[in-house]
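Notes follow the structure.
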Amino acid sequence: MAELLFLDKKSLQHDPHDDGSPRVAFVTLGCKVNQSDTQKAIADFRAAGFRIVAPSAPADVYVVNTCSVTHVADRKSRQWLRRGARANPDALVVATGCYAESGRDALSEMGEVGLVLGYKEKDDLLPHVLHELGRSAEYAPIATVGSPTEEATRTPSWAGGNEDGEGDTAAEFRQRTRAMVKIEDGCNDFCTFCIIPFTRGMPRSTPTNQAVETVKARLAEGFKEIVLTGVHMGKYGQDHAQRKRAAGDPTEASDLPGVVRAILDRTDVPRLRITSVEPTDAVMMLPLLTDPAYEGRLAQHLHLPLQSGCDATLARMKRDYDTAEYAEVVKQCREAVPGISVTTDLITGFPGETDEEWTQTMSFVKRMQFSKVHVFPYSQRPNTPAALMEDQVHPDVRHARTLEMMEISRQVEAVYAVQYLGLTFPVLWENESAGVWSGLTSHYLRVHTKSDRSLLNRITPATITSYDAHGLWAMV
């Protein structure tokens, strides 16, 4: 991630774009749900008259949207909070997100942190900040100079990262290419390794009409791809509030396919991507993925978390499927949607994972032929059953297995990618470096091309010509 530059407020007078409005900087760690929360906050703060700046710039408020999925995420969250305070000791430093819930006591004791907002308060981030600053909730917005894309482009880069993890939310908001829209939050599955039910609470659905309006707002801001996010998306519509809304209003959806269909039918989104869905929920999405009415708009990509390729390990994790059931789901998806991209998550070194269990996992992953595997070493989380299990795997073994699985991921990713050589696909171009543009296909494949003209935030046909360590290359 990018390092903060510790500047003082005197540098404000040298900023030609400074208009005297209060400044807020955001850093996002963790998952796409966090990224969605930050994107909403950026829009809210901008509408309230704040100027969005980099954490490397002087700011009145630094907001760190924290993650607590691993102990490393906890540590990084604390580091970013301290960096914000050092960048401007007079600023309000705000911790929100999952670690603000699980580590509330620890964060409250940090002298650098002025405000801690857990999952119950995070939706009221702006009113809390306005209150701390002594400003009115009716603080008048300021007019934005230039088009959204122009204004965002001249805003400095912040909180580095990539599309798979920490910190890329702000960069994506600046470039206006892909927006994360949260349609569900919380989980009640209580997998033995997971702290999320404790940090985000029980499943809660975003009202369908609100989700549709949020998508419309992101499209108006210039985004070309919308990524629907949630902690357990298949739970959409199962909470009491959404069931009640759906029963009384035909425009409200009762399940995940319903809200996806509503967004496709009621907006002109060029590309809609569904992020992680549990294997047990994947089949319900196939009618949408095969509907000719949505061809070219609904991304041919499903992210199905596996976590382990060994049945004994899955049982200790308290996952509600075994490898045979998982393989059957993948088979149905590929039969229904030929060429569909199936990506996954995998945890290495879970408590009790023997060499034999690990061998089974590696074998299963190779057999599934995923297009990408996101690998995470197991991390003990407080108050989770797995943290108290016997036979904790040594960190060195976890690390070695992580490296092994990352190599397998590179191999299976290459096998999947090269089958598209010579074919033409629409690519959404996201960024440029030294004349090389990078973007994503509907299948979540990274594509590069050389072009002297700007391709930023354009979806263009691209003919795949080659593959190397950087990914696919194409002609446009």
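Remember, predicted model here, so these are calculated numbers, not experimental data.
In this structure, F45 has its ring center closer than 6.0 angstrom to the ring center of F26. Taking the six-membered ring for Trp, F376 and F193 have ring centres at least 6.0 Å apart. Between F370 and Y416, the gap from one ring centroid to the other reaches at least 6.0 Å.
Here the CE-CD1 distance, from M475 to I464, works out to 10.0 Å after rounding to the nearest 0.5 Å. Separation of atoms CZ (R261) and CG (D255) is listed at 9.5 Å; rounding is to 0.5 Å.
Under 3.5 Å, the side chains of D345 and Q307 contain no donor-acceptor pair of N or O atoms. Judged by distance alone, the side chains of W437 and E430 never bring a donor and an acceptor atom under 3.5 Å apart. With hydrogens and angles left out, the side-chain atoms of T28 and T38 include a donor and acceptor closer than 3.5 Å. With 3.5 Å as the limit, one finds no donor-acceptor pair spanning the side chains of Q300 and S442. In the model, Y326 has no side-chain atom that pairs as donor or acceptor with a side-chain atom of T280 under 3.5 Å. No side-chain N or O of Y236 forms a donor-acceptor pair with one of D281 less than 3.5 Å apart. A donor atom on one side chain and an acceptor atom on the other are not found under 3.5 Å apart for R273 and Y444. No hydrogens or angles considered: a donor-acceptor pair under 3.5 Å links the side chains of R446 and S438.
Counting non-hydrogen atoms of other residues, nucleotides and ligands closer than 6.0 Å to CE of M202 gives a total above 12. Under a cut-off of 6.0 angstrom, the local environment of CE in M406 is sparse, with at most 12 non-hydrogen atoms contributed by other residues, nucleotides or ligands. Applying the 6.0 Å contact sphere to CD of E295 captures no more than 12 heavy atoms from other residues, nucleotides or ligands.
The residues R319 and E325 are annotated as not salt-bridged, no charged nitrogen and carboxylate oxygen being separated by less than 4.0 angstrom. Using a cutoff of 4.0 Å between basic side-chain nitrogens and carboxylate oxygens, K235 and E184 are not scored as salt-bridged. A salt bridge links D185 and K122; the closest N-O separation between the charged side-chain nitrogens and carboxylate oxygens is under 4.0 Å. Using a 4.0 Å cut-off between a side-chain N of Lys or Arg and a carboxylate O of Asp or Glu, R218 and E221 qualify as a salt bridge. Using a 4.0 Å cut-off between charged nitrogen and carboxylate oxygen, E213 and K216 count as a salt-bridge pair. Look at D311 and R316 and you find no salt bridge, because none of the NZ, NE, NH1 or NH2 atoms lies under 4.0 Å from a carboxylate O.
For R381, the salt bridge (charged side-chain N to carboxylate O under 4.0 Å, His left out) criterion is met by D74, not counting sequence neighbours.
Ring geometry, H301 versus H303: the interplanar angle exceeds 60°, so the pair is classed perpendicular (tilted spans 30 to 60°). Ring orientation note: the planes of H448 and W473 are tilted relative to one another, at an angle of 30° to 60°.
If you run side-chain hydrogen bond (donor to acceptor under 3.5 Å, both in side chains) between K182 and each of T214, T206, D37, only D37 comes through.
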